[in-house]
Number of protein chains: 2
Amino acid sequence: MLEDLPEGWAQLIRRAGYRLTRPRQAVLRVLAESEVALTVAEVHRRARARYPRLGLVTVYRTLDLLLNLGLVHRLPGEVGGQLYVRADLHPHGHLLICRSCHRAVEIPCTGLEEMTHEVERQTGFAVQGHWLELFGLCPACQEGTDG
Amino acid sequence: MLEDLPEGWAQLIRRAGYRLTRPRQAVLRVLAESEVALTVAEVHRRARARYPRLGLVTVYRTLDLLLNLGLVHRLPGEVGGQLYVRADLHPHGHLLICRSCHRAVEIPCTGLEEMTHEVERQTGFAVQGHWLELFGLCPACQEGTDG
DNA sequence: CTCCGTATTGAAATCCATTTTCAATTATAC
DNA sequence: GTATAATTGAAAATGGATTTCAATACGGAG
Ligand SMILES: [Mn+2]
Ligand SMILES: [Mn+2]
Ligand SMILES: [Zn+2]
Ligand SMILES: [Zn+2]
């Protein structure tokens, strides 16, 4: 039952004084099994496959619990809902946005690890995630000659 | 009346085919005069001092217009509302934000140049700027988190 | 294993940011 | 001025997140 959770999750949660209930286990497994960031609604949908009575409220509460324990990251999303991912995977929210046509492209993340560690050393913060946007003009909009 | 707007805002908006109405001017000036990012509600509150009949809906619509024209940035915020700032104040912003107490610290920018050039080569975009936020827990808030 | 105290749960109500709708208003071209 | 289409604000609708509270289930004590 608990063996397919990531290393130490169960112990961490118990040691923090929380009970490992069935609803929580359902949410935990969904997060544990996903390599990509999920919306709360999607977590709910998937976790219901394991525990159909699961309420959306419990999903919120469990995600909050995991967030406080540092086991997941919450990515600040655009309007319409935050995203959650396992903290041991790298959280990504990187967009390249055209200022003219507003088209957005996802870009890979490189070279932020160093900056993160440097910042942690200098400030004492425990960095949990990041958000990066690049702005510019897409190829199509570069051809237009407007100001 | 229009002279205290940032360089070119009025022309840009007119050239894009939008009318420069009194409600819009009220919102524009509020954004123009603020050096810090504002919530929509705060923009509404301030703009009402100039144009009391102003509706919240128009604030949303005008901010969206400014966003599409690239005159303001929208900061993907935590739960509770997005923030808007003049784009020309922070061609790139760098903030480290505590998720618990919401304290924000400015951080230096290092190592994004390479990523920018790489992205330009791969996508054909002309990158003009960026916005980077790191999220985590400040030293003070880390202490109250274990038990 | 059973009993019990308490943490946890889910439905419903509530809150709050954002969007949609639509009739009335207003900016701008002519 | 007049015409015309963009713009406006009130109100309703939407949708994510939080609060409330009685019912439930976990996990330690016996
Ligand atoms: Mn990244
Ligand atoms: Mn920078
Ligand atoms: Zn474009
Ligand atoms: Zn803090």
Side-chain angles (χ1 to χ4, degrees), chain A residues 1-2 5 10-28 30 37-45 47-69 72 74-84 102, chain B residues 1-2 5 9-28 30 37-45 47-69 72 74-84 99-100 102 147:
Chain A
M1 301 274 194
L2 301 175
L5 289 179
Q11 295 90 317
L12 244 164
I13 290 169
R14 282 229 163 86
R15 244 175 250 149
Y18 299 108
R19 295 178 182 173
L20 256 183
T21 62
R22 297 240 290 123
R24 273 180 187 159
Q25 290 179 35
V27 174
L28 258 47
V30 167
L38 301 172
T39 63
V40 178
E42 179 63 16
V43 172
H44 188 214
R45 202 184 61 70
R48 252 132 115 65
R50 295 178 175 282
Y51 187 73
R53 298 185 55 243
L54 182 68
L56 181 57
V57 206
T58 296
V59 176
Y60 276 105
R61 288 192 280 227
T62 305
L63 289 174
D64 215 49
L65 186 161
L66 290 172
L67 195 63
N68 285 329
L69 292 178
V72 302
R74 180 174 61 193
L75 307 183
E78 299 289 292
V79 178
Q82 313 258 319
L83 301 173
Y84 293 80
H102 214 232
Chain B
M1 305 280 183
L2 301 176
L5 289 180
W9 277 31
Q11 295 89 319
L12 244 164
I13 290 169
R14 282 229 162 86
R15 246 176 246 149
Y18 298 108
R19 295 178 182 172
L20 255 183
T21 62
R22 298 238 290 123
R24 272 179 189 160
Q25 291 178 36
V27 174
L28 259 49
V30 167
L38 301 172
T39 62
V40 179
E42 180 62 16
V43 172
H44 187 214
R45 203 183 62 70
R48 250 133 116 65
R50 295 177 176 282
Y51 187 74
R53 298 185 56 241
L54 182 69
L56 181 58
V57 205
T58 296
V59 176
Y60 276 104
R61 288 190 281 228
T62 304
L63 288 173
D64 214 49
L65 185 161
L66 290 172
L67 195 64
N68 284 330
L69 292 178
V72 301
R74 180 174 60 194
L75 310 188
E78 303 286 292
V79 178
Q82 313 259 319
L83 301 174
Y84 293 80
R99 277 179 163 155
S100 176
H102 300 118

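Residue numbers start from 1 in every chain, and the chains themselves are labelled A, B, ... in the order their sequence lines are given, proteins ahead of strands. Just so it is clear, the values below take in all heavy atoms, side chains as well, and ignore hydrogens, waters and symmetry mates.
In the interface, the side chain of A/Arg61 is paired with the base of C/dG10 through a donor and an acceptor atom under 3.5 Å apart.
For A/Leu28 and C/dT9, the CG to C1' distance is 16 Å, given to the nearest whole Å. Residue B/Glu42 contributes atom CD, which lies 18 Å from atom C1' of C/dT18 at whole-angstrom precision. Atom CG in A/Asp64 sits about 17 Å away from atom P in D/dG16, given to the nearest Å. If you measure from atom CZ of A/Arg22 to atom C1' of C/dG10, you get 15 Å, rounded to the nearest angstrom. Distance B/Leu67 CG to C/dT18 P: 12 Å, rounded to the nearest Å. We find that CD1 of B/Ile13 is positioned 14 Å from C1' of C/dA27, with the value rounded to whole Å. Per the geometry, NE2 belonging to A/His44 stands 12 Å off C1' belonging to C/dT9, to the nearest Å. Note: CZ (A/Arg24) to C1' (C/dT8) measures 6 Å, nearest angstrom.
B/Leu54 comes within 4.0 angstrom of sugar-phosphate atoms only, judged by non-hydrogen atoms across all strands, and of no base.
Comparing B/Tyr84 and A/Leu65 by the nucleotide of DNA chain C that holds the closest heavy atom to each, the one mapping nearer the 5' end is A/Leu65. Nearest-nucleotide positions on DNA chain C place A/Leu56 closer to the 5' end than the other of A/Leu56 and B/Tyr51.
Nearest approach of A/Leu67 to A/Arg74, heavy atoms of both residues: CD1-N, 3.6 Å. The minimum heavy-atom distance between A/Arg24 and A/Thr62, with the atom names listed, is CG-OG1, 3.6 Å.
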Given side-chain contact (heavy atoms from CB on, under 4.5 Å), test A/Thr39 with A/Leu83 step by step and report yes or no. CA-CA 5 Å; A/Thr39 63; A/Leu83 301 173; 3.4 Å; yes
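The side chain of A/Arg53 has C/dG10 as its nearest neighbour among C/dT18, C/dG10, C/dA27. Nearest to the side-chain atoms of A/Thr21 among the listed nucleotides C/dG10, D/dT8, C/dT8 stands C/dT8. When each of C/dT8, C/dT28, D/dT8 is scored by its nearest atom to the side-chain atoms of B/Arg14, the top-ranked nucleotide is C/dT28.
With A/His44 as the fixed residue, the side-chain contact (heavy atoms from CB on, under 4.5 Å) test singles out one of A/Leu63, A/Val59, A/Val57: A/Val59.
Atoms CD1 and CG, on B/Ile13 and B/Leu28 in that order, are 4.0 Å from each other to the nearest 0.5 Å.
For B/Arg19 and C/dT26, the shortest distance from a side-chain N or O to OP1 or OP2 is not below 4.0 Å.
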